Amino acid sequence: MNGVILRWPVPIGTTINAQYYKKVLQDKLIPAIRTKRPGLLESGILFHHDNAPVHTARAVTDVLAGYKWELLEHPRCSPDLAPCDFHLFPEMKEHLRGQRFETEEDIIQATKVAIKNLDKCSYVTAFKDWLQRIEKCANNGGCNVE
């Protein structure tokens, strides 16, 4: 609810598989948490990602189990429950609308600015919406909560 902890652009041509995701968790996310939210690793983390195969692969679940984080279950058939999809990406698209980019680095910098321009209230709203969507999903048997 306090904003983005890690913004990691995937290099062009990279295949996102379990090994890649595991490496990002270990080499990028953990250091970012230590830097941006000191003490959070020790106090406990609620971690949510969808149930894409790369997220549920044994290599990834083993790493996450070692962190002793509380993993929030993502209901099957519910892609609309990812806060990035219903909040962050639409907000970024609005900020980037009409812009043209010459290089990949231009895109990376523009998305960085777009994320920085989101205020804390927008994250709080996103997570309140997320909780409502989860509740609605649970009440509807797990699918399509638009």
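Please read these numbers as outputs of a predicted model, since none were measured by experiment.
Contact detail for A59 and Q19: the closest heavy-atom pair is CB-NE2, 3.6 Å. Counting all heavy atoms, side chain and backbone alike, I30 lies closest to Y67 at CG1-OH, 3.6 Å. Nearest heavy atoms, V4 versus K36: O-NZ, 3.9 Å. Nearest heavy-atom pair, A110 versus H95, reported as atom, atom and distance to 0.1 Å: O-CD2, 4.1 Å.
Atom OG1 of residue T125 and atom CD of residue E91 lie 9.0 Å apart, to the nearest 0.5 angstrom. In this structure, D129 CG and K136 NZ are separated by 11.5 Å, a value rounded to the nearest 0.5 Å. Taking NE2 of H48 as the start and CG of L71 as the end, the distance is 10.5 Å to the nearest 0.5 Å. Atoms CG and CD1, on L41 and I33 in that order, are 5.0 Å from each other to the nearest 0.5 Å. Expressed to the nearest 0.5 Å, how far CG of D106 lies from CZ of R100 amounts to 13.5 Å. From K22, atom NZ reaches atom CG of N17 across 11.0 Å, with rounding to the nearest 0.5 Å.
For CD of E102, the number of neighbouring non-hydrogen atoms (other residues, nucleotides, ligands) closer than 6.0 Å is 12 at most.
You'll find the side chain of I5 stays beyond 4.5 Å of the side chain of K28, heavy atoms only. Taking the side chain as every heavy atom from C-beta outward, V24 and L6 approach each other to under 4.5 Å. Taking 4.5 Å as the limit, every side-chain heavy atom of T15 sits out of range of all side-chain heavy atoms of Y20. Residues K128 and V124 meet the side-chain proximity criterion, which asks for heavy atoms closer than 4.5 Å. Two residues are said to be in side-chain contact when any heavy atoms from C-beta on lie closer than 4.5 Å; I108 and T103 fail this criterion. For the pair F127 and H87, the minimum side-chain heavy-atom distance is 4.5 Å or more. Side-chain contact check for E135 versus L131: every heavy-atom pair is 4.5 Å or farther apart. For the pair I45/E70, no side-chain contact is recorded, criterion being any heavy-atom separation below 4.5 Å from C-beta on.
Checked against salt bridge (Lys or Arg N to Asp or Glu O under 4.0 Å), K23 has the following partners two or more places apart in sequence or in another chain: D27.
Two different hydrophobic clusters hold W8 and I115 under the rule that ILVMFWY side chains link at heavy-atom gaps under 4.5 Å. Taken together through direct or relayed side-chain contacts under 4.5 Å among Ile, Leu, Val, Met, Phe, Trp and Tyr, L72 and L88 form parts of separate hydrophobic clusters.
Judged by distance alone, with hydrogens and angles left aside, the side-chain atoms of T35 form a donor-acceptor pair with the main-chain N or O of P31 at under 3.5 Å. Under the 3.5 Å distance criterion, the side-chain polar atoms of T14 are left unmatched by any main-chain donor or acceptor of V10.
The hydrophobic cluster containing I107 also includes L96, F101, under a criterion of side-chain heavy atoms closer than 4.5 Å among ILVMFWY residues, counted directly or through chains of members.
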- prompt: So Y123 and L118, side chain to side chain contact (heavy atoms under 4.5 Å, CB included) or not? Walk me through it.
  reply: CA-CA 8 Å; Y123 290 105; L118 294 174; 3.5 Å; yes
Walk me through it: do H49 and L64 pass the test side chain to side chain contact (heavy atoms under 4.5 Å, CB included)? CA-CA 11 Å; H49 56 191; L64 291 173; 3.6 Å; yes
(Q) Between H55 and N51, is the side chain to side chain contact (heavy atoms under 4.5 Å, CB included) condition met? List the steps. (A) CA-CA 6 Å; H55 299 154; N51 48 15; over 6 Å; no
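Relative ring orientation between F47 and W69 is described as tilted, the plane-to-plane angle lying within the 30° to 60° band.
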